[in-house]
Each structure stands twice: as structure tokens, then as C-alpha cells.
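Index from 1, following the sequence.
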Amino acid sequence: MDSFSSTKVVLKKQVTGESSVISRENVAVKRIGAEEEQEIANRKPSLIWKRTGGWTAASILLANQCLATLAFFGVGVNLVLFLTRVLGQSNADAANNVSKWTGTVYLCSLVGAFLSDSYWGRYLTCAIFQLIFVSGLVLVSVSSWFFLIKPDGCGDGKLTCVPATSMGQVVFYLAIYLVAFGYGGHQPSIATFGADQFDESKPKERNSKAAFFCYFYFALNFGSLFSNTLLVYFEDHGRWTLGFLLSLGSAVIALVSFLFGAPGYKYVKPCGNPLPRVAQVFVAAARKWDVIPVKADELYELEGPESAIKGSRKIFHSEEFEFLDKAATMTEDDLSHQKNPWRLCTITQVEEAKCVLKMLPIWLCTIIYSVVFTQMASLFVEQGDVMNSYIGKFHLPAASMSAFDICSVLVCTGIYRQILVPLAGRLSGNPKGLTELQRMGIGLVIGMLAMLAAGATEIERLKNVIEGHKVSSLSIFWQIPQYVLVGASEVFMYIGQLEFFNGQAPDGIKSFGSSLCMASISLGNYASSMLVNMVMKITTKGDKPGWIPDDLNTGHMDRFYFLIAVLTAFDFVIYLFCAKWYKPINIDDSQGIEMEKQENDVLAKV
């Protein structure tokens, strides 16, 4: 055993079974060798501090998000009609396939977040996944041009396409899932990369970081506005390949502009694979299952400002999940295994695991909202497709109605930033206006109202069905309230989610925090698909057409909307309990403050 200093050699023991707990305050301090001193000296903060970043770099990333979203929704927003008109699928099958595909898009965000946090860093992850995204769009364009759109101009709702070959369908599905993988992996990294351009230790830049998430979602919707109007118009009139080619062009411009902006970005180094770190906490706690945790100020932590997690700030102790504190409780056995993180973890490492556990209940409560959100890309479009969509002689594509959702997001984002935040800030004393958790709760309520509005519209549509006609005489503009309400709910829910999960995630898993928002949308899509299957299985018994049949005029889609509204109300009640229980992360920012002071001293000398 290595020698120990004589300073504070008194061991404070608390015998529990065979283990002896040693307080950090009185523990004998191991002499640090020359190699360990050098290792600590070589530690660097995760951020490469240089006079870059800020709004110039963030603006390039916002433009990238806008163009990438335009390209993605050029494929996604009208996919349900492509599957029914070109591939000949039923309404229920097409809605399910779109839900599964959209779910895969956002599930891939977890893959991108993991690679970004652990190995590649934000910049490289964004670049690689954008290349995959572009490759997928190339295949989508090629497959539709050479295999699926036959004769030319088919799939417009009037001219029927020749049944697709097996080869054509395989290439198309491979293409759209490459698009899903590329766009999904890109999203959490680009959001976190943009937030990295601002220094949280500086109050002004901390406010800029909060504003960035609003503008990020604004850019996302601004890009989708063009795909939901211009590209949808081309695709609805049978010019599918042209729409896909325009999407490809937008994605290429996004990639090129992103690469050209490289010299001006502020970079964050990856902090290593978080999975072993989290696993070490649970293993170390399990090994000490019979040990009583010591007081918070006696738990094990490295001295000085540096954290045991390379590039991550320290996290102060929290009271939740106290059983995990056993992992940071030092015993006599740990003295002979001081370099074994599977036996002894620091407070920061334990708190990283706690943060993940604390965020999970909040995250689970957002999944039902994503069921609401996903109806825009499936059932809302199918509902609009059997409504009167003519303005004089001009035919308005059903998928274009989502432009009202986008406009609602753009308008509500401006109202929120310019009016609601200052007003709520004066009333509550919170400079952010409303907390992230409060905004997410408001988003749930508005989402529930959107489903009630959709159900009411469907009731009116069924009342105006003309016998022998597929299309109801009710104007498609009756859908405006449900789209506007969904858009307003997004401003509160998804911007709140982005800020909450990014802000509450420790430094080592920031991209993972951002990906939780996307993963919520993913599971919402899968849950929607499962719900459609369950409802159809139950409601088609006894030769009944069911709630969502191929001929919507014989179904009751209104009841499906009301069912989602009831589930959302139930979810809101659970969410209130989870939000009240949640305690925010408490980060030691002394290192960042010290770095800012040093930077200011250098600038003053210059």
C-alpha cells in the first residue's frame, strides 16, 4: 500500500456489518505521485476558449436548421399521401407507416446524441449525419423518378400510378429510412452545438442561449413553411420527383454552408462514453447495499475545481435517490482500490446518474403530447383530403393546411418573446417569464384543446357528407383552429423541452438532454401507431367499419380525437405531480467564473 500523510489520520468509522465507512473530511490523504500531478495539470475544460462563437456562428447554425428542415419536410409532410396514392396503401396502413417512420427519425436522435457526447463531438456528428441525410434524399429522388412515378404525373389524386415493383419499394423504403437516420442524428447535435456558442457563466450570453432555443424552433418552422406550401403544391399535383429534388438542393446548401462556417464555431470536446459512468454508480451502490450513506459534506469528491468527468463541471449534492449516495460513501475497502471507479464514485458522477433518473418522469409525461403532435402528419391530412379544399377553381392540398400550424408557431414565438416573457417576468420575478416546467404544462393543456377542436371539426364534416361522394361539402378551413392550437402548444411544449432538457442535463450528456425532446416525439409516433391498431382492432368487431376505415365517411375519427384528448388530460394530472416533485440540477460554476475573470484580466492588459 502507498504511504499516507500524517495529516488528519484519525479515521471516523461507522461500522455497519463488515464495512467501515470513512468520512471524506477526516480520511487519510494519499500522496499524489508525479504522474498523477501531471495528469491533473493536463486536464483542460471541455470548451476551447477563443474569440469565436456568439450570434455570428449561431446564425449559421440557425440557417442550417432552416434549410435541413425544409428538405426533411419536403419528404415527410406529404408522405402519407405518397403511400396512399403512389404505393396504393390504405388510410390506416399509411398513417401507421408514417407514424413508425417519424418515430424512427426521432429515435435516431439518441444515436446522434450518444456519438456527439461520447466520441465525435458536436461538429463532426452534425457533418456526418448531414452526409447521410443528403444520401437518403438522393435515393428518394432516384427511386421515385425511375421506379415509382409511372406514368409521369401520377399520384395527383386523379391519375393512378402503375403498381410499384418490389425493387422500387425496397429502394424507396431504404431511402426514406436513410433520411430518417440522417436527419434524426443531426437534430440534437445541431441544437446543442448552437447552445455551445454562448458562455453560460456570462449573464448576457446566458440570456442569449435561452433566446437561441426560441429562434431555433422558429428556424425549424420557417423552413417547414416552404415545404408545407411550395413543395406540397408540386407533390400534390403529381410532380413528386421535382419536390424531392428541391429538398435535395436545400439539404446540399445546408451542408455546404455548415462546413464553410467551421472556422468561426466554438467547439466542445466530447466527455467520453457516459454509459460506463452511470453503470459504475449503480454497481458501486449495489456493492455497498448494507452501508449507510454518510452526510453530504462527507461524500467523496475530488479536491479543487476539476471534476472526475473530463471536461465537465462539478455538480453539488442533491437529496433525491439517496440510495445512490452509497456509491460516493468511502469505506476501508475503498482505500486499497482508490483507482477503481466501480467501487467508489465522486459526487459529480453520482449526481449525473441522478439527473438522468430525475428527468425521466418529466420526459415520460411528454410522450402523450407527441401523440397529439403526430396527428398533423397523418390523420389531419387524411381528414383534410376528404373535405372541400377548393377556393374557386384552385385546389388547396390537404398537407398545406399545416402552414397554419407553422404560422401559429412563428406568431406565438414572437408574442412569447416580446410580450409574455417581459410581462410574466415582472409578475413572477423570473427573468425567463415562466419556468420551463410551467410552459410544458401549458403546452399539454393547449394540445388537449387542439384534439377537442379536431373532434368537433370531424363531427361537422360527417354532417355535411353528400351521399355517394367521397368529399364532404364542409370547407377545409374548418381545420384552422386545430392547426393553430397545435402550433401554439408547440411554442410552450417543445421550446420548453429543449431548454429544460438541455439546461438540466450535466455537461457530459448535453446532446443526450436535447435528444430527449426528439425521443419523446419518436415514442409519441410509436404510441400513436399502437393506439390506431388497438382502436381499429376493437372497433371493427362484428363487421363494423371501425373508427378510421378507408372510407372515412363511414367511420368515427372524431371519437379517436376525443380519446386522445382524454388521455392528454389524464397525463396532465400526472405531469403536475412530477413537476412539483422535480428539483433542478445545482452546478458548481466557480471554474467558469474564474475563467471569465482570467479572460477579462487578459483583455484589460491588452
Side-chain angles (χ1 to χ4, degrees), residues 80-81 83-85 89-100 102 157 367-389 398-399 401-402 404-405 444 446-486 489 524-572:
V80 68
L81 293 185
L83 296 178
T84 54
R85 292 180 182 180
Q89 296 182 6
S90 66
N91 284 330
D93 287 342
N96 274 339
N97 286 330
V98 169
S99 292
K100 292 173 184 175
T102 309
I367 293 173
I368 287 296
Y369 173 81
S370 294
V371 173
V372 173
F373 177 74
T374 195
Q375 303 314 311
M376 279 200 308
S378 54
L379 293 186
F380 279 19
V381 177
E382 292 184 0
Q383 181 186 42
D385 201 40
V386 288
M387 298 177 74
N388 179 13
S389 56
M401 289 298 293
S402 57
F404 288 100
D405 160 75
L444 271 174
I446 300 176
M448 179 186 65
L449 295 177
M451 288 297 97
L452 294 175
T457 298
E458 181 62 12
I459 290 174
E460 287 299 315
R461 190 193 70 80
L462 291 173
K463 287 179 181 178
N464 288 272
V465 169
I466 302 173
E467 190 173 349
H469 290 75
K470 175 186 174 183
V471 177
S472 169
S473 62
L474 188 71
S475 171
I476 195 173
F477 291 109
W478 273 69
Q479 285 191 311
I480 290 176
Q482 65 203 56
Y483 277 105
V484 169
L485 285 170
V486 170
S489 69
N525 278 272
Y526 288 126
S528 176
S529 178
M530 182 180 69
L531 194 60
V532 169
N533 286 332
M534 290 174 58
V535 164
M536 287 301 292
K537 187 173 182 179
I538 294 171
T539 59
T540 52
K541 291 181 178 179
D543 294 329
K544 294 180 180 178
W547 287 2
I548 315 172
D550 288 340
D551 183 2
L552 293 178
N553 295 335
T554 63
H556 275 289
M557 197 157 54
D558 53 314
R559 296 175 184 174
F560 184 75
Y561 288 137
F562 292 143
L563 173 63
I564 298 177
V566 170
L567 292 175
T568 307
F570 180 71
D571 180 62
F572 176 69

Student: If we only count heavy atoms from C-beta on, is the Leu452 to Tyr561 side-chain gap below 4.5 Å?
Tutor: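 When only atoms from C-beta onward are counted, Tyr561 and Leu452 do not touch, as no gap falls below 4.5 Å.
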
Student: Do you know the tightest heavy-atom contact between Ala450 and Leu485?
Tutor: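 Scanning both residues, the minimum pair turns out to be CB-CB, 3.7 Å.
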
Student: Where do Ser528 and Gln375 come nearest, in terms of heavy atoms and distance?
Tutor: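 Looking at all heavy atoms of both residues, the shortest contact is OG-NE2, 3.0 Å.
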
Student: Quick check: do Leu567 and Asp571 have side-chain heavy atoms less than 4.5 Å from each other?
Tutor: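 No. Closest side-chain heavy atoms not under 4.5 Å.
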
Student: Applying side-chain contact (heavy atoms from CB on, under 4.5 Å) to Val532 and Phe560, what does each step give before you reach the verdict?
Tutor: CA-CA 8 Å; Val532 169; Phe560 184 75; 3.7 Å; yes

Student: Roughly how far apart are Phe380 CZ and Asp405 CG, rounded to 0.5 Å?
Tutor: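 It comes to 9.0 Å.
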
Student: Which distance, rounded to the nearest 0.5 Å, do you find between the CZ of Phe373 and the CD1 of Ile367?
Tutor: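 It is 15.0 Å, given to the nearest 0.5 Å.
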
Student: Please report the closest heavy-atom contact between Gly447 and Ser489, naming both atoms and the distance.
Tutor: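 So the two residues come closest at N-CB, 3.7 Å.
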
Student: Run the side-chain contact (heavy atoms from CB on, under 4.5 Å) check on Glu460 and Trp478 step by step: do they pass?
Tutor: CA-CA 9 Å; Glu460 287 299 315; Trp478 273 69; 3.5 Å; yes

Student: Compare all side-chain heavy atoms of Ile564 with those of Leu531 and state whether any distance is below 4.5 angstrom.
Tutor: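 Ile564 reaches Leu531 side chain to side chain.
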
Student: If we ignore hydrogens and angles and just use 3.5 Å, is the side chain of Ser472 paired with the main-chain N or O of Asn464 as donor and acceptor?
Tutor: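 Yes, the answer is positive, given that a donor and an acceptor are paired below the 3.5 Å cut-off.
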
Student: Given side chains that start at C-beta, do those of Ile538 and Trp547 come closer than 4.5 Å, heavy atoms only?
Tutor: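 A side-chain contact is absent here, since even the closest heavy-atom pair is not under 4.5 Å.
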
Student: Within the structure provided, determine whether Lys544 and Thr539 are in side-chain contact (heavy-atom separation under 4.5 Å).
Tutor: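 Lys544 does not reach Thr539 side chain to side chain.
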
Student: Please report the closest heavy-atom contact between Ile476 and Ala398, naming both atoms and the distance.
Tutor: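 Distance-wise, the nearest heavy atoms are CD1-CA, 3.9 Å.
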
Student: Just do the side-chain contact (heavy atoms from CB on, under 4.5 Å) check on Asn388 and Ser473 with the steps written out, would you?
Tutor: CA-CA 5 Å; Asn388 179 13; Ser473 62; 5.6 Å; no

Student: Please give me the minimum heavy-atom distance between Ser475 and Met387, naming the atom from each residue.
Tutor: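 So the minimum-distance heavy-atom pair works out to O-CE, 3.2 Å.
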
Student: Say you draw a straight line from OG of Ser370 to OH of Tyr526; how long is it, rounded to the nearest 0.5 Å?
Tutor: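 Separation between the atoms: 13.0 Å.
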
Student: To the nearest 0.5 Å, how far apart are CD in Gln383 and CG in Leu552?
Tutor: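 Between Gln383 CD and Leu552 CG, I get 8.5 Å after rounding to 0.5 Å.
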
Student: Testing the basics here: between Met448 and Ala569, what is the closest heavy-atom pair and its distance to 0.1 Å?
Tutor: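 It is SD-CB, 3.6 Å.
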
Student: side-chain contact (heavy atoms from CB on, under 4.5 Å) between Val98 and Glu382: does it pass, once the steps are laid out?
Tutor: CA-CA 12 Å; Val98 169; Glu382 292 184 0; over 6 Å; no

Student: Can you run down the salt bridge (charged side-chain N to carboxylate O under 4.0 Å, His left out) pairs that involve residues 447-459, sequence neighbours left out, and say none if there aren't any?
Tutor: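 Only Glu458-Arg461 qualify under salt bridge (charged side-chain N to carboxylate O under 4.0 Å, His left out).
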
Student: At what distance, to the nearest 0.5 angstrom, does CG of Leu462 lie from CG of Leu474?
Tutor: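 One finds 9.5 Å between CG of Leu462 and CG of Leu474.
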
Student: Could you state the interatomic distance from CG (Asp93) to CG (Asn533), rounded to the nearest 0.5 Å?
Tutor: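 The distance works out to 8.5 Å.
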
Student: Under a 3.5 Å cutoff, is there a donor and acceptor pairing between the side chains of Gln482 and Thr457?
Tutor: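 Yes.
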
Student: Does any N or O in the side chain of Ser378 come within less than 3.5 Å of the main-chain N or O of Thr374, such that one atom is a donor and the other an acceptor?
Tutor: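 Such a contact is found between Ser378 side chain and Thr374 backbone.
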
